[in-house]
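One structure is given here, and the rest of the page talks about it.
Note that the numbering runs from 1 along the sequence shown for the chain.
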Amino acid sequence: RIRSFVGAGGGLVIFPGSETDPANYNARLLEPMNLPGIRGAAGGADGESGLYFREIDFDHPLFSTIFEKNTGTEDARRLSPRIIRSFDLRATPRSRAIITLSNGGGFFLEQAVGSGRAAIFSCAPVLAWGDFPMKGLFAPLVYRTVVYLASGTDRLEQFTVGSEASFTVRRPGALPDGARYALHIPDGVEEFISPSPSGAGLLFRHPLLPLPGHYSLTAGNAVLSLFPANLRPEEADLTKAEPAEVDAFMAERGFTGEQVRRLPAGDQLPARITEARFGMELWKYCVGLVLLLALVEMAVNRHAGGEKTIEA
């Protein structure tokens, strides 16, 4: 069932367990799927220092936008956990070693299985085998691996809010009759979309991604693709814009000089917005004027002084 699922375009992530039997592991799972077998357990040369990362394939889509392009062997060692125990996993001509260990074995391998993919880790994610679960690389690597394998694409698609989404699904596999393709937006809205055939599979387009978050493409109950939509990087730039840049920005969007009002530094923005919407409140000034007139009247009366006789 696992082989059929992956072969039809599914994704599989394999972590060994603390009590995994290598012979059973190979015979029941890896060999039937033509995946690289394991050769027993391996550890550090002296039993104390353990193993570490020797090479990381930083060009792999899993690491896109995470690391700089100039990363190399020293960065692999810096990012490496201390691995006390690991299965001896070796890449084959059909597989791709994404992370290799200091003993030459593979830590993380990827291989195509039919229309799908499988990813294999050689180390159990438990502290008895090393501190991999405690490293900062653990969570993003596992998360991005799941998204990468579930996306059904050759790369992790990433888009920005307000842009068009265009992505290809290799092969959706067997779908129920009458299944409709739906794009699920982060706020829970479901939009039905129609694909266009392409040489690589089915091409899907969405004219505008409205919200940041994760989008999923489904057909019935099957998830065909996942991809994120991020905010534009320039929206996080807090550098103060020059007045000329602001004027050019407003002019491009059709605002005239009479429609734009600049506030001095330290002015109360909420108060100015309320004033622009509802007008200026005059009652405060009227109360002040009444009090001023009352004081003037008192001063005039006091200046006149004396008693006055009113004749009938």
Heavy-atom closest pair, residues [X] and [Y]:
{"X": "A124", "Y": "P16", "answer": "CB-O, 3.3 Å"}
{"X": "G37", "Y": "L89", "answer": "O-CD1, 3.6 Å"}
{"X": "L209", "Y": "A229", "answer": "CD1-CB, 3.9 Å"}
{"X": "A241", "Y": "V246", "answer": "CB-CG2, 3.9 Å"}
{"X": "P186", "Y": "H214", "answer": "CG-O, 3.6 Å"}
{"X": "L79", "Y": "K135", "answer": "O-CE, 3.8 Å"}

Checklist entry - Is it the case that R253 places NZ or CZ above or below the six-membered ring of F249, under 6.0 angstrom from the centre and within 45 degrees of the axis? => result yes
For the atom pair [atom1] ([X]) and [atom2] ([Y]), what is the distance rounded to the nearest 0.5 Å?
{"X": "N103", "Y": "I83", "atom1": "CG", "atom2": "CD1", "answer": "9.0 Å"}
{"X": "L12", "Y": "R3", "atom1": "CG", "atom2": "CZ", "answer": "13.0 Å"}
{"X": "L291", "Y": "L295", "atom1": "CG", "atom2": "CG", "answer": "7.0 Å"}
{"X": "L217", "Y": "E191", "atom1": "CG", "atom2": "CD", "answer": "12.0 Å"}
{"X": "I56", "Y": "R78", "atom1": "CD1", "atom2": "CZ", "answer": "9.0 Å"}
{"X": "I14", "Y": "M33", "atom1": "CD1", "atom2": "CE", "answer": "6.0 Å"}

Next on the checklist: Which residue in the set F138, W129, F108 passes ring-ring contact (aromatic ring centres under 6.0 Å, His included) when paired with F121?
Outcome noted: F108
Heavy-atom distance under 4.5 Å between the side chains of [X] and [Y], does that happen here?
{"X": "L127", "Y": "M134", "result": "yes"}
{"X": "F192", "Y": "E190", "result": "yes"}
{"X": "V126", "Y": "F15", "result": "no"}
{"X": "L141", "Y": "I99", "result": "yes"}
{"X": "F87", "Y": "T20", "result": "yes"}
{"X": "S166", "Y": "L203", "result": "yes"}
{"X": "L211", "Y": "V161", "result": "no"}

Checklist entry - Crowded around I193 CD1? As in, over 12 foreign heavy atoms under 6.0 Å? => result yes
Checklist entry - Stepwise, does the side-chain contact (heavy atoms from CB on, under 4.5 Å) test hold for L224 with Y181? => result CA-CA 9 Å; L224 304 182; Y181 299 100; 3.5 Å; yes
Between [X] (side chain only) and [Y] (backbone N and O only), is there a donor and an acceptor less than 3.5 Å apart?
{"X": "R94", "Y": "N34", "value": "yes"}
{"X": "S86", "Y": "S122", "value": "yes"}
{"X": "D131", "Y": "R82", "value": "yes"}

Next on the checklist: For F159 and Y215, I'd like to know if the aromatic rings sit close, meaning centre-to-centre distance below 6.0 Å.
Outcome noted: no
